[in-house]
Every structure is written in structure tokens, then in C-alpha cells.
Protein chains: 2
Amino acid sequence: MRIGELAARAGTTTRTLRYYESRGLLPARRDPNGHRTYDERDVKLLEQIRTLRDFGFDLEETRPFVECLRAGHPEGDSCPASLMVYRRKLAELDALIGELQGVRSMVAAQLARAELAADASVPGGPEPVCELGGRGL
Amino acid sequence: MRIGELAARAGTTTRTLRYYESRGLLPARRDPNGHRTYDERDVKLLEQIRTLRDFGFDLEETRPFVECLRAGHPEGDSCPASLMVYRRKLAELDALIGELQGVRSMVAAQLARAELAADASVPGGPEPVCELGGRGL
DNA sequence: CGTTGCCTTGACGTCGGCGTCAAGGGCTAC
DNA sequence: GTAGCCCTTGACGCCGACGTCAAGGCAACG
């Protein structure tokens with residue numbers, strides 16, 4: 001099949017496939033006209049790439065999976081290098097999620113504080129938070 | 001004070017301050033030589049910007065806070081527009097964290113599956129997962 | 001007088017993953 | 001032939017938040 005068909009089958013664009021080829025990730029055979037030619041194995045390689053990219057993997061991080069498939073393994077993650085990428089990505093995700101949760105709690109605290117201050121500054125505003133015992137909460 | 005000193009006090013660079021000025025976020029007065037001049041209020045504005053950026057806010061998202069301070073309010077988040085940004089950011093963070101947790105569990109599942117497959121493919125390897133009843137899990 | 005050291009503006013570079021032209025070749029259908 | 005569609009390569013655009021370099025100015029110090 002040609003590049004347009006492969007792109008359509010993977011739900012992506014020809015530009016993307018040419019880009020992958022330029023990165024050495026998905027090389028193509030050529031027909032006598034110079035047109036790129038792909039087969040079913042390339043469909044699988046491309047699906048592997050797109051799946052990982054959908055998970056947020058960098059293009060470079062998909063390389064071990066693609067090379068694993070090309071080496072004849074049944075799955076892209078049948079190789080140690082792929083497992084390493086999985087583990088590294090898990091660690092990255094954990095770090096990032098933790099960081100974001102920290103930020104989230106900081107922002108939530110700031111919002112709560114600012115909302116309290118806003119209420120306090122509106123004299124005839126909403127009901128006081130707590131009449132006895134200080135500033136409420 | 002001049003740009004170098006302000007940058008140093010905020011732990012950033014002169015390039016950054018000029019960039020903020022180019023965005024209309026932190027305009028500067030000029031001395032007779034044409035050099036930028038800042039005062040203590042600018043220090044506070046800049047600290048507000050940097051704090052929010054450390055939290056992952058876009059530069060544009062800091063604008064309401066800065067304008068709030070310049071309007072004379074005691075805090076950058078003493079204005080409704082700032083509170084809106086807080087709320088929007090909280091929603092963004094929740095969405096992102098949820099998404100990342102989903103990805104994390106998918107990656108973890110893939111890793112577990114791939115590790116099992118790897119063990120199974122090593123004949124004299126670690127103990128079989130489950131002798132009776134099929135492929136084990 | 002020269003050398004630091006701060007400042008100025010302008011403009012190009014970075015990073016990733018493509019999008020979007022532009023100019024041209026080739027094949028098929030009508 | 002010519003219209004339409006697919007393909008080719010090449011090259012610039014984009015996004016944000018600056019980094020980095022170039023060329024020059026002004027002040028103070030020795």
C-alpha cells in the first residue's frame with residue numbers, strides 16, 4: 001500500500017509518516033515510481049508508535065518497541081529495552097502526578113484563602129462563616 | 001533599581017524581564033540614559049508572576065493577578081478575575097491528573113503483562129506462575 | 001586612555017511533532 | 001488533452017518562554 005492508505009488506516013497523516021521516516025523510525029520501500037510502499041508489518045509498527053504516542057511517549061521512546069517488532073518479536077514490548085522504557089515512564093508519571101497534586105493543593109489553598117478574604121471584605125455580603133471563635137475554619 | 005538587580009532579586013534573568021515588558025506584563029520606567037528603572041512595587045509584581053509560573057501558570061494567566069496588584073489591591077488574587085483563573089487552573093489540573101493516572105494504570109498493566117510474557121518465554125527461568133488450570137492468570 | 005561592567009535594541013536559535021504551502025511528476029478517467 | 005488525485009522533495013510556520021549572540025552606549029576606575 002502507499003503512504004496515503006497507511007496514514008488513513010492509522011488515523012494519521014502522510015506528513016507524519018514522512019516525518020517518522022526522516023527520523024529513521026519507519027523507513028519505506030519504494031516502487032518504481034519512487035512512491036513509498038508499505039506492507040502489513042508496517043501497519044503494525046505504526047500502530048505501535050501511535051499507541052505509545054497516545055500514551056504520551058516521546059517519539060524516541062517508541063524506538064525500542066519498533067526495533068523489537070522489527071527484530072521479529074511478537075510484541076513491541078517483548079524486549080528488555082522496551083520494559084526499561086515502560087519503567088522509566090512509570091517513574092516519570094509518578095513524579096509528575098505527585099508534582100501536579102502538590103500544585104493542585106497549593107492552588108486550592110490559595111483559592112480558599114482568597115475567597116475567604118473576598119467574603120470578609122464585602123461588608124453586607126454572604127453570611128459570616130462562623131460567628132463564634134475566630135475567622136471560621 | 002535597574003534591570004540586573006531586579007532580575008537577581010527575583011532569581012531570574014534580564015532577558016526574562018525584557019520579555020515580560022514586551023508582553024506588556026511588567027512595563028518599566030526609564031532613567032535619563034534610557035536604562036530601565038524599577039521600584040519595590042515591581043519586585044512584588046515580579047514575585048507574583050514568578051510564583052504563578054512556578055505553579056505552571058501560563059504567562060497570560062498571570063496577567064489578572066498583576067493587574068489586580070497594580071489596581072492597588074493588597075494581593076494579586078484579591079480580584080474576581082484572578083479567582084476565575086484559580087478555578088480554571090484547578091479544573092485543568094484535575095483533568096490532567098486524572099488523565100495521567102489513567103495512562104499510568106495502562107502503562108503499569110502493559111508492563112505487568114510484558115513481564116509475565118518474558119518470564120514465560122524463558123524456559124528454565126523463574127517458577128511457573130500456576131501449574132494447573134491453563135496459562136496462569 | 002583603556003578596560004570593566006552594566007545597559008540598550010535587534011534578531012536568530014531552541015525544543016517536538018508535526019501543519020502547510022509550493023512546485024513538480026505520474027497515472028487514470030473521460 | 002485535461003481534469004483530478006495521488007505522489008515526490010524542500011522549506012518555512014507554529015507554539016511558549018525565554019537563551020544567546022551581535023553591535024553599540026555610557027559610566028566609573030585605574
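A note on names: the letters A, B, ... follow the listed sequences, proteins ahead of strands, and every chain is numbered from 1. Fair warning: this is a prediction, and the values are worked out from it, not measured in the lab. Excluded from the calculations below are hydrogen atoms, water molecules and symmetry mates; all remaining heavy atoms, backbone and side chain alike, are included.
With rounding to whole Å, B/R30 atom CZ is found 6 Å from C/dT8 atom P. Atom CD of B/E21 is separated from atom P of C/dT8 by 8 Å (rounded to the nearest Å). One interatomic measurement links the two molecules: CG of B/L17 to P of D/dA17, which rounds to 15 Å at whole-angstrom precision. Rounded to whole Å, atom C1' of C/dT28 lies 11 Å from atom CZ of A/R2. Rounded to a whole Å, the CG atom of B/L6 is 17 Å from the C1' atom of C/dT8.
Residues B/R29 and B/D42 meet the side-chain proximity criterion, which asks for heavy atoms closer than 4.5 Å. Counting only heavy atoms from C-beta outward, the side chains of B/E115 and A/R87 approach each other to under 4.5 Å. Counting heavy atoms from C-beta outward, B/R70 and B/P27 have side chains that approach closer than 4.5 Å.
Within the structure, ring pair (Phe, Tyr, Trp, His ring centres under 6.0 Å) contacts touching residues 68-93 of chain B (residues at least two apart or in different chains) are B/F65-B/Y86. Note on residues 16-120 of chain A: pairs passing disulfide bond (SG atoms under 2.5 Å apart), not counting sequence neighbours, are A/C68-A/C79. Among residues at least two apart or in separate chains, there is no disulfide bond (SG atoms under 2.5 Å apart) pair with a member in residues 12-60 of chain B.
Within the structure, a side-chain polar atom (N or O) of A/N33 is placed less than 4.0 Å from OP1 or OP2 of C/dC27.
Residues satisfying the salt bridge (Lys or Arg N to Asp or Glu O under 4.0 Å) test with B/E92, not counting sequence neighbours, are B/R88, B/K89. Evaluation of the side-chain contact (heavy atoms from CB on, under 4.5 Å) rule for A/D31 yields A/N33, A/H35, A/T37 as partners, not counting sequence neighbours. For B/Q101, the side-chain contact (heavy atoms from CB on, under 4.5 Å) partners two or more places apart in sequence, or in a different chain, are A/I97, A/Q101, B/I97. Not a single salt bridge (Lys or Arg N to Asp or Glu O under 4.0 Å) links B/R41 to another residue, sequence neighbours left out.
When the local axes at the two ends of the helix from C/dC1-D/dG30 to C/dC30-D/dG1 are compared, using 5 base pairs at each end, they differ in direction by 40° after rounding to 10°.
At a threshold of 4.0 angstrom between heavy atoms, the contacts of B/R18 include nucleobase atoms, whether or not backbone atoms are also involved.
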query = Can you give one letter per nucleotide of nucleotides 11-25 of chain C, 5' to 3': B if a protein heavy atom sits under 4.0 Å from the base, S if only from the sugar-phosphate, - if neither?
reply = B-----BBBB-----
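Clustering of Ile, Leu, Val, Met, Phe, Trp and Tyr by side-chain heavy atoms under 4.5 Å joins A/L17 with A/M1, A/I3, A/L6, A/Y19, A/Y20, A/L25, A/L26, A/Y38, A/V43, A/L45, A/L46, A/I49, A/L59, A/V66, A/L69.
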Polar pairs (N or O, both sides) under 3.5 Å between protein and nucleotides 2-5 of chain C?
none

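At a non-hydrogen distance threshold of 4.0 Å, nothing from residues 84-92 of chain B comes into contact with DNA chain C.
In this structure, A/E21 does not pair ionically with A/R18, as no charged nitrogen and carboxylate oxygen lie closer than 4.0 Å. Ion pair A/R63/A/E60 flagged as a salt bridge, since at least one NZ, NE, NH1 or NH2 atom sits closer than 4.0 Å to an Asp/Glu carboxylate oxygen.
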